[in-house]
Structures are given as C-alpha cells and as structure tokens.
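Okay, so here's the structure we're looking at.
Just follow the structure's listing: the first ligand is 1, and inside any ligand the first atom is 1. For this chain, numbers begin at 1 and follow the sequence in order.
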Amino acid sequence: MTLVVTGGAGYVGSVCARHLLDAGNDVVVVDDLTTGHRDAVPDGARLVVGDVADVADEVLGAGDVDGVVHCAARSLVGESTEQPAKYWHGNVVTTIALLDALRRHHVPRLVFSSTAATYGEPETSPITEDAPTRPTNTYGATKLAIDHAIGNYAAASAGGLGAVSLRYFNVAGAHTGTTGVPALGERHAVETHLIPLVLQVALGQREEIAVFGDDWPTPDGTCVRDYIHVDDLAEAHLLALDLLARGEAPDGGHLVCNLGNGTGFSVLEVIEACRRVTGHPIPARVAPRRAGDPGVLVASSARARDQLGWKPSHTDLDGIVADAWAFARSR
Ligand code: UDP
C-alpha cells in the first residue's frame, strides 16, 4: 500500500513509518518539523515538509494513496491549557482540512492518534471505550472533538472512508531495529514525560525528579499510569490498516480502540525501574500535584485485542525503560 504518515518526524509517527516500511509499504511522511526531527524520518520514506492542511491536496492528489496515519499534532498538555488557539487550530482545524482532502481525493482509510486524555478523570478502571469522555485539559478536548468529527465524516461517506481512532495511554520505550541499536525514541525540545525526565537524572542532565503528588488514592500515593511500548503501539496501526483494508470497520465506519498494556505502574515504581536499569540512585522529591492529572489511568485493551487481534509483546516495565535508556544514552 501507499501510506501517508503525518507527524512522521515525531516520536510515534517515525516509529509507525518504520514499521510500515518494514512491512513493505511505500511511505510518504508529512511533517512541518516544528517539533519533529528531519533525521527521525526513516530511510526509505519520502518527506514532504509542510503543515498538513497546506500540503494535503498536493500529497493526496498525487497518486493512489491507500491510507493516512494521522499522528501530527500539538501535544503538550500544559501548553494546551495556556494557549488553546494553538491546539484548536493546530489539531482540530488542521484535521478537518485533512478530512476534507481525504474525501476530495477518495482516500479510503484513516488511522488517527487519539489519546486517553479524552476520558479525563475516569470513574472506573480499567477504562473501556464506552467510558464517559470528559477531558480535563484542552489537548484532550481537541482530540475528542477530532474523534467526533472522524465519526461523522466516516458515517456520512457511506463506506467511502473507514477510520480507526487509537487512544494511546502512556507511550514509552524506543524502537530497536534489527541492528539492536535503538534508532527512534522520544526527544522533545520541551520534555514533560516521566520516563525521559527520570532518565535525564541518570544522565546527569538534571539533579532530581519531582514526584507530582504522593497523596493520591493509590497504593503508594503516587499516580498510576499504563505504559505501552512504542513498537507495540506502532503494530496496532498496521493492524488497524489491515482491518480497514478488509472492509471490517464497524457500522458507521469508525472504530475507537484504547491502546495500553492493561497494567498500571505508579510514579515511584517507574522511578525504581529506572534505578534498576540505569544503576543510578536517581534522587526524587515530592512536589505538589500537577493540574489536570487524573490519579489512575489504565486501559482496557480488550477491544483492540478482539477487533484488531492486537497483543502487546513488551509488557515488562524494566524492558520498556531499558529501551528508552539505550536510546537516551545513544543521543
Ligand atoms: N510525573 C511526575 N513528575 C514529572 C513528570 C510526570 O511525577 O516530572 C507524573 C505525572 O504526574 C503522571 C505520570 O508521571 O502521573 C506520567 O506523566 P506523563 O507526563 O509522562 O504522562 P501523562 O500521564 O501526563 O500523559
């Protein structure tokens, strides 16, 4: 197939592009390189530099594109609340332009990077896809709005567009190719994610890690999250495209699937894993809770398993951290 990966110079997008190429597809990456890295675009992919909304017609009109994996997004939770326009325009308006272009050029498949942030503070755990969606930040609200838009476009196209929204939980680890060298991982200019921040302490790039709250209603008082290896996540995109190619999207043409390991780890457990993997003492200090953080976010991935045939293979936290550590040290 010929597939377009938007945001293919970013963390998740580049790993998805790599997996798609390895499976024998032709891949075009679209990325404006504002947060992505040119050298993260996998060898063998063609890079088109530009905003998705600006280049969609050029890219989708050029030939027979079989599908789009739409990862390009603004994705900093804190920033989203301070600068809502950047997120409503950058995520929602851009994706509507993409949906219009998909329709104009009769592109039949879309896989969208959605997020657990669409659920907000959950009432039950693990979270299933029919849980209430009440996002607690602008980022999650924009992703939820896009999920709704995709559902409407898919339903109205009467079989013309099949779509899968994948709601990622906490993506972590790095892609290790056949060489065993972790080539693609997380490198954000502004790093806010727990595992890379903890590893920065082990690398001597920061003094300590702040633990955002130790008074949560969890076994050790720190927040619990569901960490999923980026290679497992990427595989789900391939399975979603396969499902759409078989014409097995549900009635209405839009499937929403959570993606997580189904196991929760606390902030302290993550720090301990990082200590084991790096051999560094990693000083930690308790800090106030971070605004908008839910206490526990753990996925039910039953639907991904049943509908996509997806099963994560990197469920061990130390293994996920070890890949992230190998990548961090290689930079
Ligand atoms: N966290 C923390 N200290 C940090 C960064 C994150 O204690 O410096 C916590 C955060 O409160 C959350 C968990 O680690 O409970 C994972 O946060 P991250 O930003 O990696 O992902 P999120 O769950 O917000 O998507």
Main-chain N/O of G262 paired with S301 side-chain donor or acceptor, under 3.5 Å:
no
Does S157 use its side chain to pair, donor to acceptor, with the backbone of L161 at less than 3.5 Å? yes
With sequence neighbours left out, the residues meeting salt bridge (charged side-chain N to carboxylate O under 4.0 Å, His left out) with E207 are none
Connected to I320, directly or through other members, by ILVMFWY side-chain contacts below 4.5 Å are none
Joining Ile, Leu, Val, Met, Phe, Trp and Tyr whenever any side-chain heavy atoms lie under 4.5 Å apart, the cluster holding V224 also takes in V296, V298
Looking at F265, does the NZ or CZ of R225 lie under 6.0 angstrom from its six-membered ring centre and within 45 degrees of the ring axis? no
By chain and number, the residues contacting ligand 1 below 4.0 angstrom (heavy atoms only) are N170, T192, H193, L194, L197, I209, A210, V211, F212, C223, R225, Y227, V267, R290, D293
